[in-house]
Student: 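Let me begin by handing over the structure; questions about it come next.
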Amino acid sequence: MRATDIIEKKRDGDELTTEEIRWFVTGYTRDEIPDYQAAAWLMAVYLRGMSRRETLDLTTAMAESGDQLDLSPVIDYAVDKHSTGGVGDKVSLVVLPLVAAAGVPVAKMSGRGLGFSGGTLDKLESIAGYRVQLSEDEIMQQVRAHGIVLCGQTRQLAPADAKIYALRDVTGTVPSLPLIASSIMSKKLAAGANAIVLDVKVGMGAFMQRVEDARVLAQIMVDIGAGAGREMVALISDMNQPLGHAVGNALEVREAINMLRGDGPADLRDHCLAVGGHMLRLGRRDTGSRALEDAMAELEALMDSGEGFYKFREMVQSQGGNVAMVDDPGKLPRAGLMGEVPAAEGGYVTQINALLVAQAALELGAGRAQKTDPVDPAVGVVVHRKVGDQVAVGDIMFTIHANDEHSLGRARERLARAPVFRSREPEPMPMFYDTITASVGG
Ligand code: URA
């Protein structure tokens with residue numbers, strides 16, 4: 001086979017065979033195909049798209065490009081979750097301990113934040129000592145002993161995706177639905193899950209701005225998963241305003257800990273129970289008609305009794321983290337400067353622009369513009385008022401946690417533009433727009 005033939009075939013809008021896709025992915029991963037040819041091929045895929053069969057073949061080739069985690073020695077039937085990235089999204093920190101506390105073991109590999117979207121690993125690292133880099137043996141050992149592990153991706157997992165993603169980043173080929181779907185799903189498939197819950201965010205603080213686009217992306221990922229023999233559920237969830245109140249690493253860990261003690265914002269609670277409910281139902285292979293409601297009620301009880309909190313504490317301790325910070329979240333890193341942003345108008349809050357909040361947090365140092373940037377665990381934004389709240393002029397909308405005056409000033413300026421006020425009460429914002437499911441063979 002020749003790379004030029006495969007590039008030309010896709011350029012002309014023809015469908016590639018399974019063998020051609022595998023050959024190209026393998027060749028690029030092994031440095032046998034140069035960046036310039038892979039870039040041309042990615043642009044052809046971006047412009048011409050891919051059929052479902054091609055997308056599944058691309059995903060499978062990337063998933064099989066490195067090691068694949070086999071969790072079967074420690075988990076009979078592994079259930080995983082993935083969020084496409086949002087603002088204030090600390091759902092994994094709450095849901096995983098709850099699901100594990102319900103007796104369904106979970107092994108999740110998370111990522112770091114990039115751009116405006118935060119990453120679970122950065123959040124966890126605000127707990128002193130917490131080890132995110134575990135070997136495969138350690139992952140197995142954690143699951144066996146504690147029924148939960150939350151760590152970074154082992155280096156050998158889906159190396160083709162890492163290489164292709166880096167090239168997409170610099171060739172204008174990131175926003176392609178088959179490339180996004182195959183990138184996300186290749187990592188999930190390689191991580192050993194039998195069933196996957198996808199939390200596909202849509203809105204101002206998400207990758208996708210329109211519900212129709214999010215639905216198409218979700219459907220492609222669900223089809224890939226089902227085609228690869230996985231049980232799939234995708235939730236299309238709102239990301240127009242931040243989830244919960246806290247945006248920033250230690251601030252989000254604090255909110256997650258409070259939530260696990262039964263004391264957190266209603267939107268975060270409902271979101272976590274829905275995602276967790278689907279995970280529990282899938283993990284138990286219980287598809288009875290009341291299974292989802294029952295699973296959510298069970299998780300809520302574990303939240304209110306503190307059992308989810310104790311599972312989180314056990315996970316932190318076993319991964320080397322300082323549990324004093326879990327017992328007293330006041331001991332988590334704290335910023336040196338605080339600033340408040342008051343409401344410039346009175347009325348009902350009809351919008352809190354999640355992207356502006358995320359950009360403010362990024363400027364404060366909570367996120368990274370480049371992959372190699374360090375993050376400041378202490379800084380971020382607390383959103384006090386959400387869509388639907390009634391406020392008076394001067395009520396505090398945001399508290400900024402900063403470590404320098406310059407970024408504090410810039411965050412203040414951005415956040416002043418984030419809320420929209422109206423005299424009429426808005427319709428409640430939906431939390432979920434749709435649920436897309438697929439069963440193996442169904
Ligand atoms: N997240 C991924 O892992 N890959 C993409 O292409 C986009 C978001």
Side-chain angles (χ1 to χ4, degrees), residues 21 25 28-29 38-39 41-43 45-47 49-50 54-63 65-66 68-69 80-87 89 91-92 108-122 151-193 196-203 205-210 213-225 228 230 232 234-237 239 354-355 358 367-371:
I21 291 173
V25 169
Y28 184 56
T29 312
W41 183 76
L42 286 169
M43 186 55 81
V45 170
Y46 175 87
L47 295 171
M50 276 188 152
E54 284 178 297
T55 312
L56 175 58
D57 286 342
L58 176 60
T59 311
T60 312
M62 293 201 295
S65 65
Q68 296 189 72
L69 202 57
D80 200 353
K81 79 166 273 283
H82 179 80
S83 159
T84 56
V87 183
D89 182 359
V91 171
S92 291
K108 177 163 165 55
M109 287 180 217
S110 288
R112 297 192 179 280
L114 186 60
F116 66 79
S117 155
T120 300
L121 297 188
D122 297 324
C151 61
Q153 192 178 305
T154 60
R155 238 181 313 148
Q156 306 84 346
L157 229 56
D161 172 64
K163 212 167 167 220
I164 291 173
Y165 193 78
L167 190 60
R168 284 168 58 210
D169 209 23
V170 293
T171 54
T173 51
V174 169
S176 147
L177 293 178
L179 293 180
I180 297 170
S182 56
S183 165
I184 292 172
M185 288 301 295
S186 65
K187 288 172 283 207
K188 290 286 118 184
L189 298 187
I196 302 162
V197 177
L198 298 169
D199 190 358
V200 181
K201 309 281 190 199
V202 60
F207 214 47
M208 299 278 142
Q209 308 296 303
R210 298 174 343 139
D213 295 336
R215 204 177 266 128
V216 174
L217 176 65
Q219 187 68 59
I220 298 173
M221 292 196 286
V222 162
D223 289 349
I224 293 172
R230 274 40 170 210
M232 300 293 299
L235 301 169
I236 314 286
S237 64
M239 190 30 77
L355 181 59
R368 47 172 79 77
Q370 308 278 341
K371 241 180 177 165

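We count residues from 1, following the sequence as given. First listed ligand is number 1; within each ligand, the first listed atom is number 1. Side chains are part of it too, since the values below use all heavy atoms of this structure and drop only hydrogens, waters and symmetry mates.
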Student: Where the side chain of Thr84 meets the backbone of Lys201, is there a donor-acceptor pair that is under 3.5 Å apart?
Tutor: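 It does hold such a pair.
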
Student: Applying side chain to side chain contact (heavy atoms under 4.5 Å, CB included) to Asp169 and Val174, what does each step give before you reach the verdict?
Tutor: CA-CA 6 Å; Asp169 209 23; Val174 169; 4.1 Å; yes

Student: State which residues pass salt bridge (charged side-chain N to carboxylate O under 4.0 Å, His left out) with Asp122; sequence neighbours excluded, sorted by chain then number.
Tutor: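 For Asp122, the residues satisfying salt bridge (charged side-chain N to carboxylate O under 4.0 Å, His left out) (neighbours in sequence not counted) are Arg112, Arg368.
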
Student: Which protein residues have a heavy atom under 4.0 Å from ligand 1?
Tutor: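 Near ligand 1, by chain and number: Tyr165, Arg168, Ile180, Ser183, Ile184, Lys187, Phe207.
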
Student: Taking atom CE of Met239 and atom CG of Leu355, what is their separation to the nearest 0.5 Å?
Tutor: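 Going from the CE atom of Met239 to the CG atom of Leu355 covers 11.5 Å.
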
Student: What residues, two or more places apart in sequence or in another chain, satisfy side-chain hydrogen bond (donor to acceptor under 3.5 Å, both in side chains) together with Lys163?
Tutor: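 If we apply the side-chain hydrogen bond (donor to acceptor under 3.5 Å, both in side chains) test to Lys163, skipping adjacent residues, the hits are Asp31.
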
Student: Restricting to side-chain hydrogen bond (donor to acceptor under 3.5 Å, both in side chains), what partner residues turn up for Asp80, sequence neighbours left out?
Tutor: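 Residues passing side-chain hydrogen bond (donor to acceptor under 3.5 Å, both in side chains) with Asp80: Lys188.
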
